[in-house]
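Since the model is a prediction, treat every value here as computed from it, not as a measurement. Naming convention: chains lettered A, B, ... in sequence-line order (proteins, then strands); numbering from 1 in each chain.
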There are 2 protein chains.
Amino acid sequence: MTGETARREAAEHLALTLVGAGMQRMGARALAAFLFSDKESLTAGDLADELGVSAGSVSGAVKMIVQMGLIERIHVAGSRREHFRMRDNAWTTLYSRQHSVVDDVLTAVEKGVEAVGPGLALERLAYMRDFYTFLLNEAPMLVERFEQQRRGGSRP
Amino acid sequence: MTGETARREAAEHLALTLVGAGMQRMGARALAAFLFSDKESLTAGDLADELGVSAGSVSGAVKMIVQMGLIERIHVAGSRREHFRMRDNAWTTLYSRQHSVVDDVLTAVEKGVEAVGPGLALERLAYMRDFYTFLLNEAPMLVERFEQQRRGGSRP
DNA sequence: GCGAACGTTCAGAAATTTCTGAAGGCTGGA
DNA sequence: TCCAGCCTTCAGAAATTTCTGAACGTTCGC
């Protein structure tokens, strides 16, 4: 029967899991609310009601997930409120963003490579650098491949 | 000249970056200490000295990164202390582990798909499910490809 | 222009995470 | 068996993160 309660429960469960994956609590809850809503867009007030938190908290959470590129601000004619909606490419965007964190790590490793002389440390650092460089190169292709597959089905 | 100070600085910088990527502070510092050491293995005492922290902290940090599969406990004949060393496949392991987090998220999403009726939410959830399923399938192949490339050089 | 509804910011409270230091247990040699 | 060194555990302190609520801008209808 997919009741309202089940829906909320599933949403909260996903939020919890995202927190486990490193996301901030309120951001995760807000994101889940978007995912599980059948509306095209939500206002800050809608979120506050749905999640049962203060307007301030919603403001912070929304700010964060907008910055992550997962939702966007839209203006709805005839409504005074600000509306937000999930972006179509939210998940591929999120994936790419995570790789910008990888990029930071890579930069730090490269500094390390320059800072140490020959030896075991250099070998380890070089290996790490190679692996993360590889990942960074491959990631865009992966996303590309997914989108292709989703659009067209099998390639020639 | 790659002095000792530069080495430590680079190590601390990498640790900080890893923290930014979601790792716990002390675990990250310990990991960086292993990476940047020219020794084959380190003892808990070595780490405490290098990082300037209590034995208790080291114990916790080591426990964590052992569990992550990044270092391993080894017994050195003639030494009473426990030695730890980085595992060869540390980075590919770490990458795979991160994908087990993805697996948790995927499970939660699938529950969501079952909990909602037809509508926008179902579409969004299904899209998310498809993307993460795709990633989970591709990840092992990526790692495989990296190792192949590293072993063999260019493919025919 | 005025007023009201909305959203944002920020200081402080609350909760959570992280580190330490002391106490205790295990291991190997004498 | 006893001792000494090393590691782990755990309760509490310290630091950090997270949430709230009130005050302040902004914008739109009138």
Atom pairs, N/O to N/O, protein against nucleotides 11-18 of chain D, distance under 3.5 Å?
residue: dT18(D); atom: OP2; partner: Q24(A); partner atom: NE2; Å: 3.2

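- With sequence neighbours excluded, the residues that form a side chain to side chain contact (heavy atoms under 4.5 Å, CB included) with R85(A) are E40(A), S41(A), E72(A), I74(A).
- With sequence neighbours excluded, the residues satisfying side chain to side chain contact (heavy atoms under 4.5 Å, CB included) with K39(B) are S37(B), L42(B), D46(B).
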Using residues 51-66 of chain A as the side-chain source, report each donor-acceptor pair under 3.5 Å to any protein atom, sequence neighbours left out, with the distance given to one decimal.
residue: S54(A); atom: OG; partner: S57(A); partner atom: N; Å: 3.2
residue: S54(A); atom: OG; partner: S57(A); partner atom: OG; Å: 3.1

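- Contact of the E82(B) side chain with the H75(B) side chain is registered, since non-hydrogen atoms from C-beta on lie closer than 4.5 Å.
- Under a 3.5 Å cut-off, the side chain of R124(A) and the backbone N or O of L35(B) do form a donor-acceptor pair.
- Between H99(B) and Y95(B), the angle of the ring planes goes over 60°, which puts this pair in the perpendicular group of the 30/60° scheme.
- Residue pairs meeting the salt bridge (Lys or Arg N to Asp or Glu O under 4.0 Å) criterion with at least one partner in residues 8-18 of chain A, sequence neighbours excluded, are E4(A)-R8(A), R8(A)-E50(A), E12(A)-R29(A).
- The stretch residues 89-100 of chain B participates, sequence neighbours left out, in no salt bridge (Lys or Arg N to Asp or Glu O under 4.0 Å) pair at all.
- Using a 4.0 Å cut-off on heavy atoms, the residues of residues 59-67 of chain B that approach DNA chain D are S59(B), K63(B), listed by number.
- Hydrophobic clustering (ILVMFWY, side-chain heavy atoms < 4.5 Å, transitive): L31(A) and V19(A) are in distinct clusters.
- Taking the six-membered ring where the residue is Trp, F34(A) and F84(A) present perpendicular rings, their angle passing 60° and hence far from 30°.
- Here R29(A) lies out of heavy-atom contact (under 4.0 Å) with every strand.
- Taking the side chain as every heavy atom from C-beta outward, V102(B) and Q98(B) never approach each other to under 4.5 Å.
- Every residue two or more places apart in sequence or in another chain that forms a side chain to side chain contact (heavy atoms under 4.5 Å, CB included) with D104(B) is listed here: T17(A).
- Non-hydrogen atoms lying under 4.0 Å from DNA chain C are contributed by V53(B), S54(B), all within residues 42-55 of chain B.
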Practice problem: If a protein heavy atom is under 4.0 Å from the base, mark B; if only from the sugar-phosphate, S; if neither, -; do that for nucleotides 25-30 of chain D going 5' to 3'. | Solution: ---BS-

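- Here CH2 of W91(B) is found 10.0 Å from CZ of F131(A). Values are rounded to the nearest 0.5 Å.
- dA4(C) atom C1' lies 13 Å from atom CZ of R81(A), rounded to whole Å.
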Quiz prompt | Pair pattern of DNA chain D in dot-bracket, where unpaired bases get dots and | marks partners in another strand, Watson-Crick or G-U under 3.5 angstrom | solution = ||||||||||||||||||||||||||||||

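- Atom C1' of nucleotide dC7(D) and atom CZ of F84(B) are separated by 9 Å, given to the nearest angstrom.
- Not counting sequence neighbours, R25(B) has no partner by the side chain to side chain donor-acceptor pair (under 3.5 Å) test.
- Ranking dC7(D), dT20(D), dT8(C) by closeness to the R73(A) side chain, first place goes to dT8(C).
- Put simply, the side chain of R129(B) never gets that close to the backbone of V109(B): no donor and acceptor are under 3.5 Å apart.
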